[in-house]
Structures are given as C-alpha cells and as structure tokens.
Amino acid sequence: MDRRKFLGYGILNSVGILGLAGCGGDMGQNNNINTSSNTINEDSSSSSFIKLPIPPLAEYKIDDGKKIFNLNIQKGQKNFIEDKITPTFGVNGDFLGPTIKVNNQDNVRVNVKNSLDEETTLHWHGLHINGKYDGGPHQIIPVNESWEAKLKIDQRASTAWYHPHTMERTGYQVYMGIAGLFYIEDENSSKLPNEYGVDDIPLVIQDRRFAYNGNFSYVASMHDRMMGMMGNYILVNGAINPTFSPKKTKTRFRILNGSNSRIYMLGFSDNREFSLVATDGGLVEEPLLMKNLLLAPGERAEIVVDVKNGENIALVDFISKNYLMQIDASETLQNSNPLAKNISESFHIQASENEEIRYFDLSMSMGTALINGKTMDMDRIDEYVPLKRSEVWRVSNTSSMMNMPHPFHVHGCSFEILSRNGKAPYIFERGLKDTVLVNKDEVVFIRVYFKKTADENNPFMYHCHNLEHEDLGMMGQFIVE
Ligand code: C2O
Ligand code: CU
Ligand code: CU
C-alpha cells in the first residue's frame, strides 16, 4: 500500500473543521493516534521513501561588517504527488526558501528581488526591527525590482521566519511556496544541539490541497475564505511523510507551522516525552517536558527528542490523526551531550508603571473578519503605542461562527502571555511569543513591549495569522513612537 496516498486521501478527508475545533478546551487529552490499520512496520517496506529535505543555509558575503544576503522570489515547479508537476513559487529555488542564520547584534542586509509577475513583499515574522524594514503591506516590491531590508539584529536566540505580506494576497503567495526560516543565534544556542541539518533540524509544516492536475487548489469557495484553507496533504519541508534518519541520540527540531490555517497537535507515535526548548520568541529558561504541543499558523516551537539505536517512530498530528514524518534510527547513533538545565535567561517582560490596557476583539460574521469591529484599511492607523513602555493587551474572540479559533500575531515585538481565560497559559506557551491562539469565547492577556519604532508610512501590523482571515481584513495597523 502506498502510505502517502492512504494518509492523504483516507485520513485527512475525513477530518473536518469540527475535528480541529475540538482542540480548544482540553489540551493534552487527545493523544491517542489510531495506529492499528497503518502501523509503521506494516507498510514502510512498500511505501516510497522520501528523505526529509533540509532547506539550504542561505549564503552571504561580508561587506563593511555587514552580512549581505540575496533572496530572489521566483516562480518554479515541483513534483509533490504521483507523477504530477505543480506550479509553485519559491525563494532562490522552486519551493520555500533557504534558512537565514545570523547572530544577535549582527548587521544584516537582505536584497530581495521580485521575479514574480505580481507585486509582493517580504516580512520578517518574529524580528524586532523598525517598521520601515518590517516588510509589511506598505513595503511593496514591484515586479522585477529589488528591496533592501536593513536588519539590525537585537533579540535573543530564536527561530523566526519570512513570508510575503501583500495586501489581500498573503494567503495565496504563501500557499504557492514563499516562506523560509530565519535563525538568530546567541551565546546560549550551543547549549542545545546546534549542527544544522545534523542534529538541529528545521521542520516547516504546511498542508496543501491538490487539484486533479497536480496544481495547488487555493480558495475555491466562500467556505475556504471564511474557515481558511485546509489541504488534503501535509508537507514537511515540502515533502509528504518524509523520513528523517537521526545521527545522534538527541535531535533538536525547530518547528514552524507554516500552514495557512491548519492547527496541529504534535507529538510522537509512541507518545514519548520530549523537551520544549524554545517558543516563538526564543529559548525558554529551562527545558519543559511534554508529550504534545499545539501549534497554530505562524507559531514556532523548538523541541529536543531522544531516540535510541534501532528505533522507528513517527512525528504525528493528533488532531488530523496523520503521520507527518518518519524517524528511522537504523544507523548507529552518536551520543549527544545531556541537555543543559538552564538554557536562557528569564523571558519575563517587566511591567512599566501604570500599564495601559488595550483591547482587541476578533470576530467574524458572514463574509467579514474584523478586529474591534473594523476590517483592515491601509490608510487608517488603528493604534498609537508608546515606545519602551510595556502594555497589557486584552485579546478576545467573540466569533459568532462556530468554534473559530484565531491565532493573533503582533509585529515588531515578542510578548508574554499572562493568562488564558483567567488561568495560566498552556505549558508550551511559557516563553516569549509573537503569535497566540485565541479560541472562541476566550480572553487572553498578553504583555507587549516595543523597543523599535514604526511610523505612519511604515506601521506595524497586528492580525489573525489564519492567512485567509488576514486577507479578509482581520488586521490592523499601529505606530510606535
Ligand atoms: Cu507572519 Cu504579519 O505575519
Ligand atoms: Cu509578523
Ligand atoms: Cu482568524
């Protein structure tokens, strides 16, 4: 049996929105994947084998103390399923882009060339940089032109990412394949497995819906627009159920949910424990043991997993009940160092005196997606936020639509989640964040702090990271001064 086909059509198609919505309330309960009909051993011999692709590290040159990268956003094509060729977009390649890796305090320049037939932008999701170089909807790169982003790196070790942010086109352009990782390293990075592609492995998880001819099928109905795109295959670094062969007994996975709207509850097929070592905004203070991890679009998590010689397990999504990647330790593994107990300094954001509370209510009704009752307007600044003064933001989800969760993302900062419905945040949210899932009827309080400015010509954005919702208008603009 071809497992890829079986999983692609057989399991995913049976999962609807209700299956996803169930993840809101009872974290950590839903962790029984049904392996009876497709155990790993049963069909691993007959399914075709795809090695986990690793995005290349982006090359750079050093000029005048600056690291200079060149990214070309281009059209391409790629074989994902059967013998079909899928038209794609990519960065310096056919699909997805290279991993940019820099150090805290580096001076970075990225020349971004737009070789598409349409305008685009490139946003650095998770980076603390001025609005001018944030790559939001105002920093358009016209067809055949280039944009130089000047990025002064000023934040702790973390896994950020880049993707287009074109007004009303973000969902489509990301879906076609424009996305890549952006690593920031600091003196703490090497306390963890840190050899790129060997024991420090990027995993970009995205689902895609394929049409009969192999093309991506993007937004076919009002339903897709309102609920967000749900695919019939899940890709990891652009491959369907690939196999990763560990080299060492500990592997660090840097996981990005790069999907437009699908939420995953990640874990392993044998329900083993793993250690969370970083959230969106960087390394946590100490590793946190857990068995499953909820990851909404835009969110990242870094985990360290122990594997023994001869083991054969899978990374799974407990929501869609799908295998995402096989882990096959049939080669002899080298022993890794034990995991450090303390990996980073405290992430907590200190409260300024007389903190302001700002309100953000996410809602939907037929055909619209709103924040505080408004849809996005490029010519309207919604909020004026002070520089270097913490604030508490109250984010609520009063969607009238059944169980619609919204991952709320804020540009230009990392924030701390203070509470979720009056309780402590989920364990995998106890670190710096820039995106937080807000389920229906939930109220989440976050503490934000901005150390970079954004003016009215180049404001920062806050928005739902369900990209179909973003494109529907669930976004607002703010300046920091
Ligand atoms: Cu990942 Cu405003 O976006
Ligand atoms: Cu962002
Ligand atoms: Cu949303």
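When a ligand or atom number is given, it counts from 1 through the structure's own listing order.
Considering every non-hydrogen atom in both W161 and H465, the closest pair reads CZ2-CE1, 3.6 Å. When all heavy atoms are compared, the tightest approach of W147 to K132 is CZ2-O, 4.1 Å. R156 approaches S346 most closely through the heavy-atom pair NH2-O, 2.8 Å. Nearest heavy-atom pair across N215 and P87 is OD1-CD, 3.1 Å.
The N, O or S atom of H469 with the smallest distance to the Cu ion (ligand 3) is ND1.
Around atom 1 (Cu) of ligand 1, the two atoms ND1 of H125 and NE2 of H163 are separated by an angle of 130°, to 10 degrees. Annotation: angle subtended at the Cu ion (ligand 3) by H406 ND1 and C464 SG is 130°, to 10°.
Between the side chain of N403 and the backbone N or O of K440 there is no donor-acceptor pair closer than 3.5 Å.
In this structure, F478 has its ring center no closer than 6.0 Å to that of Y384.
Within the coordination shell of atom 1 (Cu) of ligand 1, defined by N, O or S atoms under 2.8 Å, H123 is absent. For atom 1 (Cu) of ligand 1, the N/O/S atoms of H465 include one lying under 2.8 Å.
Donor-acceptor pairing under 3.5 Å is recorded for the side chains of H165 and H411. For E383 and Q477, the side-chain atoms include no donor-acceptor pair closer than 3.5 Å.
Around the Cu ion (ligand 2), the protein N, O or S atoms closer than 2.8 Å are H123 NE2, H409 NE2, listed by chain and residue number.
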